[in-house]
There are 2 protein chains.
Amino acid sequence: MRSQPASMRDVAHRAGVSLSTVSRVLRGAPGVAPEVRRRVQHAADELSYVVSRNASGLVTGRTGRVAVIVPFLQPWFFGVALSGISDALREADLDMLVYQVGETRAREGWTRALPLRRNTDAVITVSMDLSEEECQRLDDVGVPMVLVGQCAPGRASVYIDDRAGTAGATQHLLNLGHTRIAYIGSRREEWSSGSSRHRLEGYEAGMAAAGLTPWSVSKATGRTGGELAMGELLSDRDPPTAVLAEFDGLAMGAHRILRRSGVRVPESISLMGFDNHDAAAVLDLTTVDQAPYDIGLTAGRLTVGVLDGTARSDSHVEMPTQIILRQSTASPRGSRGLSS
Amino acid sequence: MRSQPASMRDVAHRAGVSLSTVSRVLRGAPGVAPEVRRRVQHAADELSYVVSRNASGLVTGRTGRVAVIVPFLQPWFFGVALSGISDALREADLDMLVYQVGETRAREGWTRALPLRRNTDAVITVSMDLSEEECQRLDDVGVPMVLVGQCAPGRASVYIDDRAGTAGATQHLLNLGHTRIAYIGSRREEWSSGSSRHRLEGYEAGMAAAGLTPWSVSKATGRTGGELAMGELLSDRDPPTAVLAEFDGLAMGAHRILRRSGVRVPESISLMGFDNHDAAAVLDLTTVDQAPYDIGLTAGRLTVGVLDGTARSDSHVEMPTQIILRQSTASPRGSRGLSS
DNA sequence: CTGTTAGCGCATTCAC
DNA sequence: GTGAATGCGCTAACAG
């Protein structure tokens with residue numbers, strides 16, 4: 001309650017020892033008599049004393065903080081990923097600084113607008129789709145960097161195998177007996193990352209392996225895009241019996257159109273998403289899970305490892321995806337699929 | 001790219017001035033010749049120099065950082081609220097430190113496990129439902145505190161008027177012509193905050209004002225709870241024509257049961273949620289929006305105000321809620337409601 | 001308007 | 001095993 005929070009000197013005084021002893025104890029450094037150690041601990045507790053990372057960092061050069069940079073904080077994915085990162089950093093007693101870059105990213109200097117230099121031990125970027133130039137600018141701040149959701153050669157990265165994800169999803173639909181499988185994706189102009197490209201490629205590869213011709217449509221991004229795309233598919237002379245969407249948002253838009261049109265899922269059309277969005281469970285949507293929490297946890301631990309020196313700063317970790325089977329996919333009517 | 005990041009001395013040297021002049025310029029302090037100011041800026045830019053908040057904080061006593069404490073990071077609400085807080089703090093050039101307390105909260109000492117003292121200028125708690133004792137322990141760290149989603153007398157708080165929210169929702173259903181309106185809530189034993197209580201009270205008040213008897217059921221929390229509760233309601237001799245849920249998660253569970261049972265929404269039963277969860281739009285669920293982004297923004301700005309001294313540290317801000325009309329509510333069949 | 005001086009709270013040499 | 005000096009990078013009083 002005192003307005004002047006206790007300092008190390010206060011603790012030293014109270015414990016009847018010197019500053020350095022307190023420092024040693026509180027850092028867990030060796031070479032202190034057990035009895036003295038206990039006394040110091042006790043004094044610190046009584047004063048609710050906590051070491052100022054500010055001051056200790058000044059001398060050690062380590063801040064005890066890791067900056068996490070995200071484009072947005074609102075989309076479901078980021079909260080979950082941050083949760084994993086947070087848990088991993090907490091294990092190593094590191095604090096998490098979160099920067100939402102958002103639209104300001106357009107303003108060229110965002111990498112320097114952030115007080116990173118000297119204020120952070122490492123930087124984790126999440127789904128930032130950094131250009132090589134931006135990467136270099138971040139290199140410039142002189143701290144280790146870990147990229148999440150992006151695979152950059154020579155830099156620590158954690159990402160999922162998007163290609164395998166959609167390939168597996170396509171296989172799932174093929175196994176059910178579908179052959180007219182359409183793909184709804186985002187428009188090429190809006191691709192910020194390799195992710196969109198990889199997902200499309202996975203689908204195409206899956207189709208090709210089965211000797212089928214890929215059939216993909218791209219409208220806008222987001223739910224509306226899904227609505228538009230599904231509208232187009234439903235207007236086709238011979239509509240697909242199964243639809244795979246690049247991400248759940250698109251699938252949800254598609255689902256809405258299907259509901260409104262009275263087309264039954266999965267009886268008439270099977271629908272499959274990607275991401276395992278929160279709302280996918282609500283819609284009983286079969287989807288591909290990318291375990292964002294695990295991604296975050298892995299990225300966080302990798303960061304700790306790089307700081308420790310126990311992990312290389314160019315390690316790449318590819319996380320597996322997993323199909324979550326729900327009610328929105330089934331064999332087409334009259335098919336010879338697995339389930340018939 | 002140099003391994004030893006530039007310090008203020010380097011800038012001073014490069015600009016041919018003294019340390020204090022550089023400090024003044026970089027802080028935007030008055031009393032520097034425009035020409036000199038430019039020169040210093042230039043030198044700093046060239047060296048990609050950024051002031052170490054660590055070092056400056058050591059002498060000013062301000063860290064330039066605000067800690068945000070959340071129980072969890074995964075639920076949709078927190079990402080959105082954090083986004084608002086982040087934007088508000090960024091306006092004031094404050095960094096955001098995020099602590100996910102989670103289950104560790106059970107371990108008594110969480111308020112002290114966090115390195116808050118001396119490491120943060122203010123603390124924002126989001127939906128933490130702090131006990132008076134926990135509040136006091138946080139007071140102890142000696143920095144201003146702002147509570148979000150909780151109304152604590154004497155402490156800066158930002159929260160929504162839950163009572164008015166459910167009262168308004170109930171009125172909406174009444175206006176449509178419903179009289180058999182049931183309420184699905186969480187179990188009293190699981191109420192952590194006043195929020196659950198207030199929402200129930202708002203419903204009860206709305207019903208009472210219309211001369212109707214409240215009818216509420218509580219099963220588990222979460223989607224499952226909604227399923228169970230709706231199951232019970234559907235098994236009633238005379239089922240309700242409208243159902244209001246304490247939050248969208250419950251409504252989603254209820255919606256699922258209705259779909260599975262072939263009960264049409266809104267034709268047979270109107271369903272209404274609370275929170276405007278992401279997935280509510282997908283289900284076309286009428287709900288009550290509590291604008292979490294605005295809550296975060298407001299809380300962030302209030303925090304800045306308290307730090308500035310322009311806001312009182314016991315200000316209370318009550319945020320309005322708003323009904324989001326979608327397809328899940330309509331007049332009961334054969335009613336004389338507004339829409340008939 | 002500018003430079004000099006003295007710490008902020010702590011970790012880290014070194015002596016003892 | 002412990003204590004006394006030194007300086008991390010910076011701001012805030014001062015002096016010029």
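Naming: A, B, ... by sequence-line order, numbering from 1 per chain. Owing to the predicted nature of the structure, the values given are computational and were not obtained by experimental measurement.
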Rounded to whole Å, CZ of A/Arg9 lies from P of C/dA11 at a distance of 14 Å

Closest of C/dG3, C/dG9, C/dA11 to the A/Val51 side chain is C/dA11

Exercise for review: May I ask you to verify if any side-chain N or O of B/Arg37 is less than 4.0 angstrom from the OP1 or OP2 atom of C/dC1?
Suggested key: no

Taking D/dG9, C/dT2, D/dG3 as options, the one with an atom nearest any side-chain atom of B/Ser52 is D/dG9

Can you see if the side chain of A/Ser23 gets near the phosphate of C/dA11 - specifically, an N or O under 4.0 Å from OP1 or OP2? yes

note: B/Met8, atom CE; D/dA12, atom P; distance rounded to Å ~ 10 Å

From CG of A/Asn119 across to P of D/dG9 the rounded distance in Å is 13 Å

| task | Apply side chain to side chain contact (heavy atoms under 4.5 Å, CB included) to B/Val101 and B/Val70, showing your working. | result | CA-CA 6 Å; B/Val101 173; B/Val70 299; over 6 Å; no

B/Ala55 has its side chain closest, among D/dT2, C/dG3, D/dC10, to D/dC10

B/Leu19 atom CG is separated from D/dA13 atom P, nearest whole Å, by 17 Å

Check your understanding: With a 4.5 Å limit on heavy-atom distance, are the side chains of B/Phe77 and B/Ser127 in contact?
Key -> yes

(Q) Between A/Val68 and A/Leu97, does the side chain to side chain contact (heavy atoms under 4.5 Å, CB included) criterion hold? Intermediate values first, please. (A) CA-CA 6 Å; A/Val68 180; A/Leu97 230 25; over 6 Å; no

Rounded to whole Å, the CG-P distance (B/Asn54 to D/dG7) equals 20 Å

note: A/Leu58, atom CG; D/dT6, atom P; distance rounded to Å ~ 18 Å

Between B/Thr21 and C/dG3, does any side-chain N or O lie under 4.0 Å from OP1 or OP2? yes

Notebook entry, point to check: Any donor-acceptor pair under 3.5 Å joining the side chain of B/Arg24 to the base of C/dG3?
Noted result: yes

Query raised in the report: Tell me, do A/Tyr159 and A/Met319 make a side-chain contact under 4.5 Å, heavy atoms counted?
Result: no

Separation of D/dA12 atom C1' from B/Arg62 atom CZ, nearest Å, is 16 Å

Whole-Å distance, B/Arg118 CZ to C/dC10 C1', equals 10 Å

Check: For A/Val22, which contact category applies under a 4.0 Å heavy-atom criterion: base, sugar-phosphate, or nothing?
Finding: nothing

Task: Donor-acceptor pair (no angle test) under 3.5 Å: B/Ser20 side chain, C/dT4 base - done: yes

Winner on side-chain proximity to A/Ser56, out of C/dT2, C/dG9, C/dA11, is C/dA11

Considering only heavy side-chain atoms of B/Ala33, the closest of C/dT2, C/dG9, D/dT11 is C/dT2

In short, B/Met128 meets B/Ile69 closest at the heavy-atom pair CG-O, 3.7 Å

